[in-house]
Enquirer: 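Dropping a structure here in structure tokens format, bear with me for questions.
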There are 2 protein chains.
Amino acid sequence: MLDIPNRDRRAERRSSTRTEILEAAWELCAANGLASLSLRDLAQRIGLKAPSLYSYFDSKNAIYDAMFAQGCQQLLDERPREIPDDLLGGIRAIMGYFVDFCVADPVRYQLLFQRTIPGFEPSADSYAISQTAMRLTFDWFAGHGLDRPDVVDLFTAIGSGIAAQQNSNEPGGDRWTKLVDDAALMFVRHIQAGDVPTDKGRSQT
Amino acid sequence: MLDIPNRDRRAERRSSTRTEILEAAWELCAANGLASLSLRDLAQRIGLKAPSLYSYFDSKNAIYDAMFAQGCQQLLDERPREIPDDLLGGIRAIMGYFVDFCVADPVRYQLLFQRTIPGFEPSADSYAISQTAMRLTFDWFAGHGLDRPDVVDLFTAIGSGIAAQQNSNEPGGDRWTKLVDDAALMFVRHIQAGDVPTDKGRSQT
DNA sequence: GTCTATATTTGGATAGAC
DNA sequence: GTCTATCCAAATATAGAC
């Protein structure tokens, strides 16, 4: 007798249906907006009735949560494997990757980085994934002698600002994304100027 | 006989009720989220029933539109009267004002600058107000010899990035807003370095 | 696991009396 | 202008048969 390890076909099928549901959810959100997702439409798109979805997810927010986790995982999985070791090259690569990721899917950007779905908060597990992604960036900075939190904060502000402007004002275009190299140069020169550590806050008017 | 010009008390009352409705709408949105506004709650908050709102606004989106117009008008009206004429001082003032405006009311920021309400588009009239505000910034830049669109785009990206990060990750705090002066310095030095006009796009990977 | 049927809630919006 | 009453549509979610 063959002693093949049990492929649990039931579990496999279940998992693939879950994947199918999430794929359909991304498509619907891309078409109608993140907030307009409805379980009826979602079920219909894959040939099910709405109540059947509850065999796979506990609630609508559980679907959003799974999408959130997927998005964070993609941010981790698709990150560049080779980051140039020089500061400018590295900053360019990281900022460029992040901006491209954000504009590649505006709905995903909205779900992960803008919190605009009323009543949705990512679960602890999903949030942990996003924290891992954040920490990798922070570690890269620290590995290059940049361990000041406000330096990283300025970096993320520039990256997410370019992405936000692109997605809000010209989704699909490149009016802002093409500024990435220029912005990276600006940022690197600034932190190399050496006067960044300003502990005082902004001057009052 | 006194010949007092007609104060149209009816029109005054109507206008003041409209104002009251909009004030209540801002409060509800601040409490429950922009997308969660409901006409029932809104009417109840000012002692009316939902159908009465239709004497003042044609639809729910008309209320969003009036809020949008109000927000844009505030951006215009509250702008700093005295902008320092030197480049760094001016950039600091404009960026600081914009960021403060955005974080002062995250819901207003969401309505004006992130388009996340399904089905809502500002009317032509409302949009014109926002365009006026944009043009004033553009004109100030042009008046200081900065007429390249990508310079203005980089500026708006930095400002809205700081605001977006602050509102998304630490609403009400100052972790990002305190970076404004530093960011303004970074930006001004960069555009003064003179190598900004790069017509080529980002280098491909 | 999937379905039908339905509960339940909640929206926006309209009709018509006052 | 405001109300009551209602319409209509849509949503999430549950119960229970198969």
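Nothing here was measured: the structure is a model prediction, and the numbers come from that model. First the proteins, then the strands, lettered A, B, ... as listed; each starts at 1.
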Enquirer: Please list all pairs passing the side chain to side chain donor-acceptor pair (under 3.5 Å) test where one or both residues lie in residues 45-60 of chain B, with sequence neighbours left out.
Expert: B:E27-B:R45
Enquirer: Would you indicate whether the side-chain heavy atoms of B:T137 and B:T156 approach each other to under 4.5 Å?
Expert: no
Enquirer: Taking ring-ring contact (aromatic ring centres under 6.0 Å, His included) as the test, write out the residues that go with B:F57, two or more places apart.
Expert: none
Enquirer: Are B:F113 and B:F98 an aromatic pair by the rule of ring centers under 6.0 Å?
Expert: yes
Enquirer: If a pair satisfies side chain to side chain donor-acceptor pair (under 3.5 Å) and one of its residues is in residues 106-123 of chain A, list it, with sequence neighbours excluded.
Expert: A:D65-A:S123, A:Q74-A:R108, A:Q110-A:T116, A:S123-A:S126
Enquirer: Would you say that A:I191 contacts A:F155 through its side chain, given a criterion of any heavy-atom pair below 4.5 Å between the two side chains?
Expert: no
Enquirer: When rounded to the nearest 0.5 angstrom, what is the spacing between CD1 in A:I158 and CZ in A:F187?
Expert: 6.0 Å
Enquirer: Between C1' on D:dA13 and CD1 on A:I63, what's the gap in Å once rounded to a whole number?
Expert: 12 Å
Enquirer: Tell me which residues in residues 15-31 of chain A lie within less than 4.0 Å of DNA chain D, going by non-hydrogen atoms.
Expert: none
Enquirer: Atom NE2 of B:H144 and atom CG of B:L146: how far apart are they, to the nearest 0.5 Å?
Expert: 8.5 Å
Enquirer: Which residues, if any, of residues 35-56 of chain A bring a heavy atom under 4.0 Å of DNA chain D?
Expert: A:L37, A:S38, A:L39, A:R40, A:P51, A:Y54
Enquirer: Roughly how far apart are B:L22 CG and B:I46 CD1, rounded to 0.5 Å?
Expert: 9.5 Å
Enquirer: Walk along DNA chain C from 5' to 3' and tell me the first and last nucleotide with an atom closer than 4.0 Å to a non-hydrogen atom of chain A.
Expert: C:dG1 to C:dA5
Enquirer: Measuring from B:E12:CD to B:T17:OG1, what's the distance to the nearest 0.5 Å?
Expert: 11.5 Å
